[in-house]
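These notes concern the structure reproduced below.
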2 protein chains.
Amino acid sequence: MGRGKTEIKRIENSTNRQVTFAKRKNGLLKKAREISILCDADVSVVMFSEAGNMTEYSSSPLIEQLARYQKESGKTLWDSKHERLSAEIDRVRKENSNLQIELRHLKGEDLKPLSPQELHALENALEDGYAGARAKIKEHHRKLKKNGRLLEEENKRLSSTYQQQQNKWNMGAI
Amino acid sequence: MGRGKTEIKRIENSTNRQVTFAKRKNGLLKKAREISILCDADVSVVMFSEAGNMTEYSSSPLIEQLARYQKESGKTLWDSKHERLSAEIDRVRKENSNLQIELRHLKGEDLKPLSPQELHALENALEDGYAGARAKIKEHHRKLKKNGRLLEEENKRLSSTYQQQQNKWNMGAI
DNA sequence: TTCGCTATTTATAAGCT
DNA sequence: TAGCTTATAAATAGCGA
C-alpha cells in the first residue's frame, strides 16, 4: 500500500525502517483490536522494536491467554523453562562466538585456519569496507568545512589524521 | 474495507462472525509477518477464536519474547527463579547485537550514525586488518612456492589476485 | 523526528457458486 | 461450509514542511 509496491524484506534505511515500524505498529494494533471486537475473539500481540521498545495489546489479561496458550498448544511456557533457557543461552553464545571469530578475521587476527578462498573473500570484504569508511570520512570533512570556525579544530584534527592515512597507504602500497 | 463501511462492534450473525474471523485472522498474521521482516522487529500474536481454536505467530520463539516482555514490563508472568538465566541471555544478546553492528561497520554499512572519532577508529581497525590479511597472503605465497609444481596453479591464481590488490590500493592511495 | 497529505496498493464485506 | 470474485474501504509508502 502506498506510492509503490513494497517488497517484504528488511528495510535497509534505518530511518525509513523506524518510520514504517511506527506506522505499521499502529495498523497491527488496530487490526488486533478490531478482530477481537468484531469476532468476539481473544487476541494478544506483543511487539519489540529493534531498539527494544515493547508494545502490547491484549483483549484480556495476557497471563490468562498465555495459560490458555500453554494448555492448547501443549508447549510449556514456564514449567520446563529452565531447559529452554539453557538451550537459548547455548544458542546465543554460539552465535556470539561465531561473530567474534568473524570480527577477529576482519581485524586480521587468527587467520591461520583460513583457506586461500576464505582469505580472498576476506580481502574483498575489507576492501569494500575501507572504501565505504573512507567516502564517509571525506563527507564529514566537507561538512565540517562548511560549518566554519566553530568546528575548525576538529576539522584540523581530521585533516591531519586523514593525511596520515593517505601517507600510510601510500607507503604500504608501493 | 469491502462493499460497505463496517462498524467496529460485535458481528451479531454467527456465520458472518466466523467468516470474518477467518479472513481477518489471515490478514493479521500477514501483517505481523510483514512488520517483523520489514522492520527487524520481534512480534508475537496469539489468537483464540470464539470456539477456542488457537492460532499463533511468532517471529522468534514465544518463550524468549515472553521473557523479554516480563523484563520490560516488570510484570511477573511466572516466578523469578530463573532470573539469572534470563539476565545472562539478555547480556549475551546485547553483546551479539553490538558485535553485529561492529561487523556492519567494518563492512562499510550503516556508517551514518558514527562520530568522526568513531570513523577514525574504524579506519584504523580496517587498516590493521588489511595489513594482517595481506601478510597472511604473502605467507601462503611463500609456502606454495616451496611446495613446487603440484601447487603451481593455485600459486599463480594467488599471485595475480595479489597483484590486482596491489594495483587497486596503489591507485586508491594516490 | 514527526505530522499531514495523497496516490497506490491491500484488505476485505458481500455476493455468488 | 468453503472458495472465488469484485466493488469499496483501509492501510500505508513516499514526500514535503
Value in whole Å for how far the [atom2] atom of [N] lies from [atom1] of [X]:
{"X": "B/Lys31", "N": "D/dA11", "atom1": "NZ", "atom2": "P", "answer": "8 Å"}
{"X": "A/Arg17", "N": "D/dG14", "atom1": "CZ", "atom2": "C1'", "answer": "17 Å"}
{"X": "A/Glu7", "N": "D/dG14", "atom1": "CD", "atom2": "P", "answer": "11 Å"}
{"X": "B/Lys25", "N": "D/dA2", "atom1": "NZ", "atom2": "P", "answer": "11 Å"}
{"X": "A/Met1", "N": "D/dA9", "atom1": "CE", "atom2": "P", "answer": "16 Å"}
{"X": "B/Phe21", "N": "D/dT1", "atom1": "CZ", "atom2": "P", "answer": "15 Å"}
{"X": "A/Lys9", "N": "D/dA13", "atom1": "NZ", "atom2": "P", "answer": "15 Å"}
{"X": "B/Asn16", "N": "D/dT1", "atom1": "CG", "atom2": "P", "answer": "10 Å"}

5' to 3' contact window, DNA chain C with chain A (heavy-atom distance under 4.0 Å): C/dT1 to C/dT12
Along DNA chain C (nearest heavy atom to each residue), the more 5'-positioned of B/Gly27 and A/Ser14: A/Ser14
Name the residue closer to the 5' end of DNA chain C, choosing between A/Thr6 and A/Lys23 according to the nucleotide with the nearest heavy atom.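 That would be A/Lys23.
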Beyond-backbone contact of [X] with [Y], side-chain heavy atoms, under 4.5 angstrom:
{"X": "A/Arg91", "Y": "B/Glu64", "result": "yes"}
{"X": "A/Lys75", "Y": "B/Glu56", "result": "yes"}
{"X": "B/Arg33", "Y": "B/Leu29", "result": "yes"}

So, for B/Asp40 and A/Glu50, which heavy atoms are closest and what is the spacing to 0.1 Å?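 Looks like O-CG, 3.5 Å.
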Between the first and last five pairs of the helix from C/dT2-D/dA17 to C/dT17-D/dA2, the angle of the axes, rounded to 10 degrees: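 End-to-end axis angle: 30°.
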For A/Gln18, which contact category applies under a 4.0 Å heavy-atom criterion: base, sugar-phosphate, or nothing?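 Answer is sugar-phosphate: A/Gln18 comes under 4.0 Å of backbone atoms only.
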With heavy atoms under 4.0 Å as the rule, sort B/Lys5 into base, sugar-phosphate or nothing. sugar-phosphate
Where each residue is assigned the nucleotide of DNA chain D containing its nearest heavy atom, which of B/Thr15 and A/Arg3 is assigned the position nearer the 5′ end? B/Thr15
Polar contact flag, side-chain donor to acceptor under 3.5 angstrom, [X]-[Y]:
{"X": "A/Ser44", "Y": "A/Tyr69", "answer": "no"}
{"X": "A/Gln65", "Y": "A/Ser60", "answer": "yes"}
{"X": "A/Gln100", "Y": "A/Asn96", "answer": "yes"}

Under 3.5 Å: donor-acceptor pair, side chain of A/Arg17, backbone of A/Glu12: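 Between the backbone of A/Glu12 and the side chain of A/Arg17 there is a qualifying donor-acceptor contact (under 3.5 Å).
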Are B/Phe21 and A/Leu28 linked, directly or through other ILVMFWY residues, by side chains that come within less than 4.5 angstrom of each other? yes
